[in-house]
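Since we're looking at a predicted model, the values are computed, not measured. Every heavy atom of this structure was used, including side-chain atoms; hydrogens, water molecules and symmetry mates were not.
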Amino acid sequence: MSTLSVEMLAAAAPTAPITSAGHAQLGIAVLVGIAVIVLLITRLKLHAFLSLTLGTLVLGAVAGAPLDKVIASFTAGLGSTVAGVGVLIALGSILGKLLADSGGADQIVDTILARAGTRSMPWAIVLIAGVIGLPLFFEVGIVLLIPVVLLVAKRGGHSLMRIGVPALAGLSVMHGLVPPHPGPLAAIDAIGANLGVTLALGVLVAVPTAVIAGPVFSRLAARWVDIAPPEKMIPQRPSEELERRPGFAVTVGTVLLPVVLMLVKALVDIVVDDPKHPVQRVADVVGSPLIALLAAVLVGLFTLGRAAGFGRDRLAGTVEKSLVPIAGILLIVGAGGGFKQTLIDVGVGRMILDVSKDWSVSALLLAWLIAVGIRLATGSATVATISAAGLVAPLAADMSTTHSALLVLAVGAGSLFFSHVNDAGFWMVKEYFGMSVGQTLKTWSLMETVISVVGIVFVLLLSVVL
């Protein structure tokens, strides 16, 4: 296993480092900004959207950044986050409401409850989440799985954490470790690793990691946080007046439609690998998250709504009602993206890179540590992956094919470490599950940490035997 060369790291840094005083000031700014957000939410009970906005302004002020620049960074981050995630949340909410009102979600839940016992339920959920999460963005997977998770927990009398944590673990592991997700693909490109080898080793690491962080860790999470599924987010069982509901196969097919479309895109990207080829151009459009979810919604209007006997007015009402509960979630997730962008723009990510260049550790562990630092500072797994991969890429020149792939996985594992208040995913999980900040830290944040630590352990073990 290759070891770190300080000279090689220094050569990898493209711009002049921040001064020591700048490092200290930025470090203090990050701590103060996060502390303000946490205190405003937990002590003063201020809405998370306002808390994140105020925390961003405090961060910029302590960092010495011009106020107009801080506002520009925050609004740019908020806008890009809502643009990238907001439409997906809205489409997912519509699909979830169609599933609920038509009885399709009931059909799925009743079938799962009939075939899986109490002990096997977390294992069934992590398997479903892993399969669905293979081609999906994490946010898309959440909005597709949340209705099923909440209904299974409610109807089966299961602890929400025993069902929710395995679902989140399956999605998160795939997001950080397995291509064709954006982070792993970007790291593969930066490091020059082999896609097929990385995919194979990624799955090899992902399976035991998801098991430990999902069904196993969920036992502890359920003891620490014992809450009921939030009533406002639970799709209600259709009225007894509903004469019929869609079948299990057609319901599952509708839910998996976006998964299939995105998986087709991923396979075409690997097989064709020519952006100008007409087949790949079509696949890139059809398999984009926006089009894939939109297609599922449009198909669901017929396979779910019409199958339940809904007319045009009932379908229109279902769509309208589905958008009301997500307004607060969109604002909170957007503000989290604004805070993250401000952290990046004031130079926190660069600070982490400059500080880490003096560490003398193995290349795989270094890649993980750098990704951990950037993840903690910026809240973005993708930013952490791209930044860390770019920094340690020169080290891959002396590595074998397998170790180059393991370097990608080390970066991916580090990028998932301890999601907290500067991560939009943190707020999505908090709001969907109806948890407090403290409860989200005890469950979601620790689950992400378990994934990260277990992931790097398996990567290091593989580096010894391969």
* To do: Take Ser415 and Thr385 through the test side chain to side chain donor-acceptor pair (under 3.5 Å) and record every step on the way to the result.
  => CA-CA 6 Å; Ser415 73; Thr385 298; 3.3 Å; yes
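With rounding to the nearest 0.5 angstrom, the CG atom of Leu150 is 10.5 Å from the CG atom of Leu145. Interatomic distance, CD1 of Ile163 versus OG of Ser218, reported as 8.0 Å (0.5 Å rounding).
When the options Val30, Ile34, Ile374, Thr56 are evaluated for a side-chain contact (heavy atoms from CB on, under 4.5 Å) with Leu343, the one that passes is Val30.
Between Arg375 and Asp423 there is a salt bridge, since a side-chain N of the basic residue sits under 4.0 Å from a carboxylate O of the acidic one. Salt bridge status for Lys265 with Asp284: present, with a side-chain N to carboxylate O gap under 4.0 Å.
Qualifying salt bridge (Lys or Arg N to Asp or Glu O under 4.0 Å) partners for Lys442, counting only residues two or more places apart in sequence or in other chains: none. Not counting sequence neighbours, the partners of Ala410 by the side chain to side chain contact (heavy atoms under 4.5 Å, CB included) test are Leu364, Ala367, Ile456, Val459.
Ser452 and Trp368 form a side-chain donor-acceptor contact under 3.5 Å, judged by distance and modelled atom types alone. Donor-acceptor pairing under 3.5 Å is recorded for the side chains of Ser172 and Glu448. Checking Trp444 against Ser419 by side-chain atom types alone, a donor-acceptor pair falls below 3.5 Å.
Distance alone, capped at 3.5 Å, places no donor-acceptor pair between the Gln341 side chain and the Gly338 backbone. His420 places a side-chain N or O within 3.5 Å of a backbone atom of Leu376 that can act as its donor or acceptor partner.
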